[in-house]
There are 2 protein chains.
Amino acid sequence: MKKKLSIVDIANQLNVSKTTISFILNGRAKEKRISEELVERVMKYVKEVGYKPNSLAKSLRTGKSNTIGLMVEDISNPFFASIARLIEDRAYKNGYKIIYCSTDNDTHKTQELITMFRDRHVDGYIMAPPEGIEEDIIALLKDGMPVVMFDRHLPMVNTDYVEIDNLFSTYNATRHLIDQGYKNIAFVTFASEQTQMKSRVQGYKDALGASNLKQNILEVVFNQNEDLIIEPITDFLTKNKKLDAVLFGTNHIGTCGLKVISAMELSIPKDLAVISFDDYDVFKLHSPPVTAIAQPVEEIADNVITVLLNKLNARMEAQRPQSITLKTDLKIRKSSLKIK
Amino acid sequence: MKKKLSIVDIANQLNVSKTTISFILNGRAKEKRISEELVERVMKYVKEVGYKPNSLAKSLRTGKSNTIGLMVEDISNPFFASIARLIEDRAYKNGYKIIYCSTDNDTHKTQELITMFRDRHVDGYIMAPPEGIEEDIIALLKDGMPVVMFDRHLPMVNTDYVEIDNLFSTYNATRHLIDQGYKNIAFVTFASEQTQMKSRVQGYKDALGASNLKQNILEVVFNQNEDLIIEPITDFLTKNKKLDAVLFGTNHIGTCGLKVISAMELSIPKDLAVISFDDYDVFKLHSPPVTAIAQPVEEIADNVITVLLNKLNARMEAQRPQSITLKTDLKIRKSSLKIK
DNA sequence: GTGAAAGCGCTAACAC
DNA sequence: GTGTTAGCGCTTTCAC
């Protein structure tokens, strides 16, 4: 177990002061007019012995940790998992590490996690915030921490966010069902005040309203336990036999919905047409393939990290918060077509 | 933006030395025989002003960061995502944070990531190691870092790992196909020397051998790009028309395989019976539902973190590395039954 | 151009 | 029982 060497060891070995080494290592040699020859000698030696600065000490001194805190609803949800993956890649490429956690949409848990992140001195925050966390975020911002939200935002909090056009997404999907001739269209969503869910409901309502159709909305609770989602949907579909189409507000609800439909032995789209939010393997491979509102995950991740890196690099000039809205893509498949 | 207070501020405010504060905060009051009255006064004040010790300084001093490095193949793969989620929960509950990354099974990338983790002074490593990383892990172990592997292990590296009984899993699945009357059973796997993949192939071979059946193995390359998996499978299935069953060696291959089968308009199980590794929504919801080898993800995560925490807490006594092997569960569904 | 030294906030050996 | 003090390894001001 070779002892870790420090900047002092290097300095002693080379008969130079540690200040000089520090300057050279931080690329400030030119600025400090350190001789090229010395720079080269130091660099060579450093590489030779494989010296790595202690990032902890560096962070303690500079107050920067080169770490980004990422908070998603649930890392095992495919939407968040892919976003996390893409953000991870981009962050590492820019010298940042990611610490992540799943909030479960739980305000209290999220508060604790924010505290943990603060403790660890993360340089910036990326999050899909749960409800009721406004105060904590505002406190963060007040202390000068960059925060970028995605998937949803908090109307009372003035910070950057990247979202999709939720309203148009469901409006468009609902219109598609109407155009196909469906008349009793249901919408299943989480009971939630989150912006994205509210817009999704609104888009659905708007589309129905424009055609004078009746609303059928089911709200389920957000929960890790699938049974708590499956049960109310089963109930709902059993009681509303007239429904001829259903739009699921999230991928998780969509997956659960498909399980219910399969258990009830309903035929898609003959008995019930289906559209779900988020496009992924379960929907693509389903028989029949399920029409889905595809979110541009790569674009979302790209935008999120770009916005955050900008803020991180330009801490000085407090720029105006940006809000970015991206388009979704309705992937039309058999599950939503009308059978003649 | 209120200035962060330090232990010195507390000490001054209370007219006590910072050592005393430190002892009290670290629960060593009893041991140091500090008066209960003082302890109470300090605790009360600390809570009142919301003082939080600077964990960076603490880490610098103690050499402990309370961080665990988690390396998976790909965080967006549902198997790894669920494991990560479970490990995350358990780790947080025990006061550890997780830094994670996806290795892409790329040795070079993994080396860089290990370096990053070392830089950040993680206390322990959890990883599903790619091939060729033996040296780096051995170096880690030599420096006294706890490393726990899962999903696979490195035969040349003597450290703890948690795995499933891969050999029996595929043996059993293959036997099931044979019992159903299938005779031309293929196995699709990643071209890999990793222990888990080798055992999976072996299990398949053993089962066939016992029944004197011919092997049909397709090896595809590990790649993020699905097309590079879909294409060879398409090719393979097109060229081997006699096949009547196929066993997919991982969930990702299984998903790709289903896409191919769907594109080729083969009927499951009439034209081709199917079994895949890993049980998740895509397989459960498929029509017909796909027989799958279910890994006990919770058990895996539990064991991994338990083993690691043990090592972390008992750094002194170098215990013998443990290897834990868990059982899988073959979920038999329609896709592998013989149609009469 | 280079070096000495202060200090980031904390812990722990040692002194009293 | 409590306080003094020496670092952990680094950056950066200021002096030469």
Side-chain angles (χ1 to χ4, degrees), chain A residues 2-43 45-46 49-67 95 118-123, chain B residues 2-43 45-46 49-67 95 118-123:
Chain A
K2 60 170 183 282
K3 212 177 136 286
K4 259 282 201 175
L5 353 83
S6 82
I7 199 168
V8 184
D9 299 320
I10 308 287
N12 288 342
Q13 205 56 233
L14 260 38
N15 275 318
V16 198
S17 104
K18 60 174 183 168
T19 312
T20 311
I21 307 285
S22 173
F23 283 146
I24 295 178
L25 257 29
N26 290 307
R28 301 178 56 188
K30 279 267 149 46
E31 173 190 338
K32 294 291 173 184
R33 286 181 255 180
I34 293 169
S35 71
E36 293 231 343
E37 182 251 338
L38 212 181
V39 172
E40 209 156 292
R41 203 153 60 87
V42 170
M43 290 310 244
Y45 184 72
V46 162
V49 296
Y51 164 74
K52 289 269 173 190
N54 180 328
S55 60
L56 244 32
K58 197 168 182 161
S59 297
L60 177 60
R61 186 58 230 243
T62 59
K64 274 205 67 181
S65 65
N66 277 294
T67 307
R118 292 208 79 146
D119 280 7
R120 308 229 84 231
H121 297 248
V122 302
D123 295 332
Chain B
K2 59 172 183 284
K3 206 171 142 292
K4 260 281 205 178
L5 356 82
S6 83
I7 199 167
V8 185
D9 300 320
I10 308 286
N12 288 341
Q13 206 53 234
L14 260 38
N15 274 318
V16 198
S17 105
K18 59 174 183 168
T19 312
T20 313
I21 307 285
S22 174
F23 283 144
I24 294 178
L25 257 30
N26 290 306
R28 301 177 58 187
K30 279 267 148 47
E31 175 189 338
K32 294 292 173 183
R33 287 182 255 179
I34 293 170
S35 71
E36 291 230 344
E37 183 252 339
L38 214 191
V39 171
E40 210 156 290
R41 201 153 61 87
V42 170
M43 289 311 244
Y45 184 72
V46 162
V49 296
Y51 163 76
K52 289 270 174 190
N54 181 327
S55 61
L56 243 35
K58 195 168 182 160
S59 298
L60 176 60
R61 187 59 234 239
T62 58
K64 274 205 67 180
S65 64
N66 277 296
T67 307
R118 292 208 77 146
D119 279 9
R120 308 229 86 228
H121 298 247
V122 302
D123 296 331

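So you know, we letter chains A, B, ... as the sequences are listed, proteins then strands, and number each from 1.
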TODO: Rounded to the nearest angstrom, tell me the gap between atom CD1 in I10(B) and atom C1' in dC10(C).
DONE: 13 Å
Open item on the list: In whole Å, I'd like the distance from the CG atom of N54(A) to the C1' atom of dC10(C).
Closed with: 14 Å
Open item on the list: With a 4.5 Å cut-off on side-chain heavy atoms, are I10(A) and K18(A) touching?
Closed with: no
Task: Any K30(A) side-chain heavy atom under 4.5 Å of E36(A) side chain - done: yes
Open item on the list: Side chain of R33(A), heavy atoms from C-beta onward: which of dC10(D), dG9(C), dG1(C) has the nearest atom to it?
Closed with: dG1(C)
- [ ] Please state whether the base of dG9(C) and the side chain of R61(B) form at least one donor-acceptor pair under 3.5 Å?
- [x] no
Open item on the list: side chain to side chain contact (heavy atoms under 4.5 Å, CB included), that's the test. Do S17(B) and T20(B) meet it? Break it down for me.
Closed with: CA-CA 6 Å; S17(B) 105; T20(B) 313; 3.5 Å; yes
Task: Rounded distance (nearest 0.5 Å) linking atom CG of L60(A) with atom CG of N54(A) - done: 9.5 Å
Task: Intermediate values then yes/no, side chain to side chain contact (heavy atoms under 4.5 Å, CB included), S6(B) and D9(B) - done: CA-CA 5 Å; S6(B) 83; D9(B) 300 320; 3.7 Å; yes
- [ ] Send over the distance from N66(A) CG to dC10(D) C1', rounded to a whole Å.
- [x] 14 Å
Return the polar atom pairs (N/O with N/O) between nucleotides 3-5 of chain C and the protein under 3.5 Å, or none.
| residue | atom | partner | partner atom | Å |
| --- | --- | --- | --- | --- |
| dG3(C) | OP2 | S17(A) | N | 2.8 |
| dG3(C) | OP2 | T20(A) | OG1 | 3.0 |
| dA4(C) | N7 | T19(A) | OG1 | 3.4 |
| dA4(C) | N6 | T19(A) | OG1 | 2.7 |
| dA5(C) | N6 | T19(A) | OG1 | 3.3 |

TODO: Measure from CG on D119(B) to C1' on dC10(D) and round the result to the nearest Å.
DONE: 14 Å
Open item on the list: Mind checking if S35(B) touches a base, just sugar-phosphate, or nothing, with heavy atoms under 4.0 Å?
Closed with: sugar-phosphate
- [ ] Quickly work out the K64(A) NZ to dC10(D) P distance and round it to whole Å.
- [x] 18 Å
Open item on the list: What's S55(A) touching, base or sugar-phosphate or nothing? Going by heavy atoms closer than 4.0 Å.
Closed with: nothing
- [ ] Give the rounded distance in Å between these two atoms: CD1 of I21(B) and C1' of dT11(C).
- [x] 14 Å
Open item on the list: Tell me the bend of the helix from dG1(C)-dC16(D) to dC16(C)-dG1(D) as the angle between end helix axes, each from five pairs, rounded to the nearest 10 degrees.
Closed with: 50°
Open item on the list: Show, in sequence, the C-alpha distance, side-chain angles and deciding distance for N26(B) and K32(B), and conclude whether the side chain to side chain contact (heavy atoms under 4.5 Å, CB included) test is met.
Closed with: CA-CA 11 Å; N26(B) 290 306; K32(B) 294 292 173 183; over 6 Å; no
TODO: Respond yes when some side-chain nitrogen or oxygen of Y51(B) is under 4.0 Å from OP1 or OP2 of dC10(C), and no when none is.
DONE: yes
Task: L25(B) CG - dA12(C) C1' separation (whole Å) - done: 15 Å
Task: Side-chain donor-acceptor contact under 3.5 Å, T67(B) with R120(A) - done: yes
Open item on the list: Measuring from atom CD of E40(B) to atom CD of E37(B), what distance do you get when rounded to the nearest 0.5 angstrom?
Closed with: 8.0 Å
- [ ] Could you grab the distance from atom CG of L56(B) to atom NZ of K64(A), nearest 0.5 Å is fine?
- [x] 13.0 Å
TODO: Report yes if at least one side-chain N or O of T62(B) is closer than 4.0 Å to OP1 or OP2 of dT11(C); otherwise report no.
DONE: no
Task: 5' priority, DNA chain C, between K32(B) and L60(B) [closest heavy atom] - done: L60(B)
Open item on the list: Tell me the interatomic distance from I24(A), atom CD1, to dC10(D), atom C1', rounded to whole angstroms.
Closed with: 15 Å
TODO: Before giving the answer on side chain to side chain contact (heavy atoms under 4.5 Å, CB included), spell out for N66(B) and S59(B) the whole-Å C-alpha distance, their side-chain angles and the decisive distance to 0.1 Å.
DONE: CA-CA 8 Å; N66(B) 277 296; S59(B) 298; over 6 Å; no
